[in-house]
Amino acid sequence: KSSGEMLVSGSTDKSIKIWDVESGGCTRTLQGHEGEVRCLDVVGGMVISGTSDRVIKVWSVDDGECCCTVAMKSCDGETIQVRRDVMVTALNGDRVLGVWGLVSCLGKFSL
């Protein structure tokens with residue numbers, strides 16, 4: 001997923017990398033997931049990631065810190081999209097669609 005001058009990639013090695021588009025170099029590696037990273041979205045200064053272990057994390061691009069972790073109960077995320085202050089995740093398997101209100105990067109979601 002690209003945003004401005006950066007590109008963000010997720011990997012089966014459970015990491016997320018932020019790349020400088022101009023130089024092609026990796027500027028930051030985000031670590032903390034226990035499953036392979038399957039989906040990403042970039043909104044403002046945040047990276048939102050979903051993994052095979054049914055966890056969604058919100059990361060700060062500025063310092064690489066994880067701001068929030070949301071554990072999914074029954075599905076692993078395949079797609080994450082954030083529009084305005086709403087996060088939508090399409091889930092496979094159970095064919096469930098999750099929708100959350102993204103209140104802030106301080107770990108607050110309203111379900």
Side-chain angles (χ1 to χ4, degrees):
K1 178 86 179 178
S2 64
S3 179
E5 300 297 316
M6 70 176 172
L7 177 82
V8 181
S9 64
S11 176
T12 57
D13 73 359
K14 306 172 188 174
S15 72
I16 299 162
K17 295 195 182 291
I18 300 175
W19 304 86
D20 182 285
V21 173
E22 189 173 316
S23 72
C26 178
T27 60
R28 186 177 306 277
T29 300
L30 309 177
Q31 296 181 322
H33 277 299
E34 294 182 18
E36 64 186 47
V37 179
R38 292 190 171 175
C39 51
L40 296 165
D41 202 356
V42 179
V43 178
M46 296 183 294
V47 172
I48 297 93
S49 58
T51 61
S52 61
D53 64 340
R54 301 179 174 111
V55 171
I56 295 170
K57 290 186 179 278
V58 179
W59 308 83
S60 167
V61 171
D62 293 335
D63 61 14
E65 294 296 316
C66 178
C67 307
C68 177
T69 300
V70 177
M72 305 297 290
K73 292 186 179 184
S74 62
C75 305
D76 39 343
E78 290 293 327
T79 305
I80 288 180
Q81 290 186 332
V82 178
R83 298 296 176 255
R84 299 181 198 259
D85 62 347
V86 177
M87 178 174 65
V88 176
T89 178
L91 305 165
N92 70 355
D94 295 357
R95 302 194 191 291
V96 174
L97 177 69
V99 179
W100 290 267
L102 181 58
V103 177
S104 72
C105 189
L106 300 174
K108 297 180 182 175
F109 284 82
S110 57
L111 298 176

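Note that the structure is predicted; figures quoted are calculated from it, not measured.
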Between Leu40 and Ser49, is a side-chain contact (heavy atoms from CB on, under 4.5 Å) present by the stated rule, with each step listed? CA-CA 5 Å; Leu40 296 165; Ser49 58; 3.6 Å; yes
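Without hydrogens or angle criteria, Thr51 side chain to Val55 main chain gives a donor-acceptor distance under 3.5 Å.
The list of salt bridge (Lys or Arg N to Asp or Glu O under 4.0 Å) pairs with a residue in residues 14-36, not counting sequence neighbours, reads Glu36-Arg38.
The heavy-atom pair separating Gly24 from Trp19 by the smallest distance is O-CE3, 3.6 Å. Closest of all the heavy-atom pairs between Ser15 and Thr29 is CB-CG2, 4.0 Å.
Residues satisfying the side chain to side chain contact (heavy atoms under 4.5 Å, CB included) criterion with Asp63, sequence neighbours excluded, are Ser60, Glu65.
Taken from CD1 in Ile48 to CD1 in Ile56, the straight-line distance is 9.5 Å, to the nearest 0.5 Å. To the nearest 0.5 Å, the span separating OG on Ser11 from NE2 on His33 amounts to 11.5 Å.
Between Met6 and Val42, some side-chain heavy-atom pair lies under the 4.5 Å cut-off.
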